[in-house]
Amino acid sequence: TAGGIPFILDEPQRTNLVTYSNQLNLWNRFNNITKSIDTVVVDPEGNLASKYLKNSSSFALASKDNISIVANSNYSFSFFVRKGNFSIIQLEVGFNINNVRISYNIDTNTFNNVSSGTQTLISSSSELLQNGFVRITAVFIGTITNVNFSFLGFSQVNDFIYIFGSQLE
């Protein structure tokens with residue numbers, strides 16, 4: 001019950017395996033990237049809490065490392081993204097060559113899905129929200145037991161993009 005009012009949960013409960021998913025300062029690795037809280041852009045929940053990732057060199061990476069998963073199981077990853085001055089975001093889940101990677105272009109609403117190693121991408125989708133954010137979701141079969149959850153690959157110095165609500169379930 002919630003406050004004495006009975007209710008039925010019609011969706012299965014899940015646990016986000018990316019702990020502190022919106023607290024980028026608690027993530028493990030940052031290569032050539034500036035992370036910040038932007039108090040101007042309203043996130044999909046209506047708060048001033050979206051973050052931006054900004055490239056400070058030739059290749060950028062923000063990663064939450066060493067997430068335990070069960071091999072040969074289906075997983076879903078999702079996040080919200082909004083264009084800054086750059087329109088392409090890449091997300092990779094895996095370790096070394098055993099990963100699944102998606103690349104999404106906000107301007108064209110198109111995916112460049114890349115599945116490599118032993119991970120298998122099942123599906124990917126996008127949902128445009130009214131406030132300029134896009135929810136990106138992908139489902140894959142995890143075939144290893146320890147993965148990294150990484151945003152990567154901006155083109156130029158000072159390219160940036162807004163992210164919010166990273167999840168791996």
Side-chain angles (χ1 to χ4, degrees), residues 2 7-31 33 35 43-45 47 49-53 59-83 86-154 161-169:
F7 65 92
I8 296 174
L9 185 64
D10 64 351
E11 294 184 11
Q13 290 183 318
R14 297 188 176 144
T15 300
N16 185 2
L17 300 175
V18 182
T19 56
Y20 306 108
S21 63
N22 285 319
Q23 296 174 336
L24 298 179
N25 58 317
L26 298 176
W27 285 33
N28 304 93
R29 283 187 297 146
F30 296 92
N31 297 346
I33 203 158
K35 56 197 180 297
D43 67 37
E45 293 180 345
N47 301 311
S50 60
K51 279 70 172 166
Y52 73 80
L53 298 178
F59 179 78
L61 167 88
S63 185
K64 181 72 170 174
D65 294 344
N66 301 316
I67 301 169
S68 295
I69 65 172
V70 176
N72 301 314
S73 297
N74 287 13
Y75 286 90
S76 172
F77 63 79
S78 65
F79 60 97
F80 295 91
V81 62
R82 181 175 167 171
K83 183 176 179 177
F86 191 64
S87 59
I88 298 173
I89 184 75
Q90 292 184 60
L91 179 73
E92 179 178 280
V93 177
F95 184 75
N96 290 334
I97 63 166
N98 295 314
N99 62 55
V100 61
R101 180 185 299 175
I102 63 164
S103 177
Y104 177 76
N105 186 317
I106 297 168
D107 289 338
T108 62
N109 190 31
T110 57
F111 284 95
N112 177 15
N113 295 315
V114 178
S115 183
S116 64
T118 59
Q119 310 280 32
T120 302
L121 181 66
I122 298 172
S123 66
S124 59
S125 63
S126 64
E127 176 187 0
L128 181 61
L129 305 176
Q130 290 181 351
N131 63 354
F133 274 88
V134 179
R135 182 173 189 228
I136 305 299
T137 304
V139 177
F140 70 100
I141 299 171
T143 57
I144 57 178
T145 59
N146 198 330
V147 297
N148 300 334
F149 186 93
S150 306
F151 290 101
L152 57 128
F154 300 92
I161 202 155
Y162 297 95
I163 63 166
F164 179 79
S166 304
Q167 294 188 13
L168 174 62
E169 302 174 317

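Throughout, residue positions are numbered sequentially from 1 according to the sequence presented.
Listed here is the closest heavy atom pair of R135 and F80: CB-CE2, 3.6 Å. Across L168 and Y75, no two heavy atoms sit closer than the pair CD1-CB, 4.1 Å. Across every non-hydrogen atom of P44 and F164, the tightest pair is CD-CD2, 3.4 Å. Pairing each heavy atom of R82 with each of N131, the nearest pair is NH1-O, 3.2 Å. Residues T143 and A71 come closest through the heavy atom pair O-CB, 3.8 Å. For S87 against I161, the heavy-atom pair with the smallest separation is C-CD1, 4.3 Å.
Considering OG1 of T145 and CD1 of I69, their distance stands at 7.5 Å, rounded to 0.5 Å. Summarising the geometry, atom CD1 belonging to I141 is positioned 9.5 Å from atom OG belonging to S73; distances are rounded to the nearest 0.5 Å. The CZ atom of F79 sits 5.0 Å away from the CG atom of L91 when rounded to the nearest 0.5 Å. Expressed to the nearest 0.5 Å, how far OG of S78 lies from CD of Q167 amounts to 4.5 Å. Taking CG of D107 as the reference point, atom CD1 of I88 lies at 8.0 Å (rounded to 0.5 Å). Atoms CZ and OG, from F111 and S125 in turn, are 6.0 Å apart once rounded to the nearest 0.5 Å.
Counting only heavy atoms from C-beta outward, the side chains of F133 and L128 never approach each other to under 4.5 Å. Inter-residue side-chain proximity for I136 and I102 is flagged as met; some heavy-atom pair is nearer than 4.5 Å.
In the model, Y104 has no side-chain atom that pairs as donor or acceptor with a side-chain atom of N112 under 3.5 Å.
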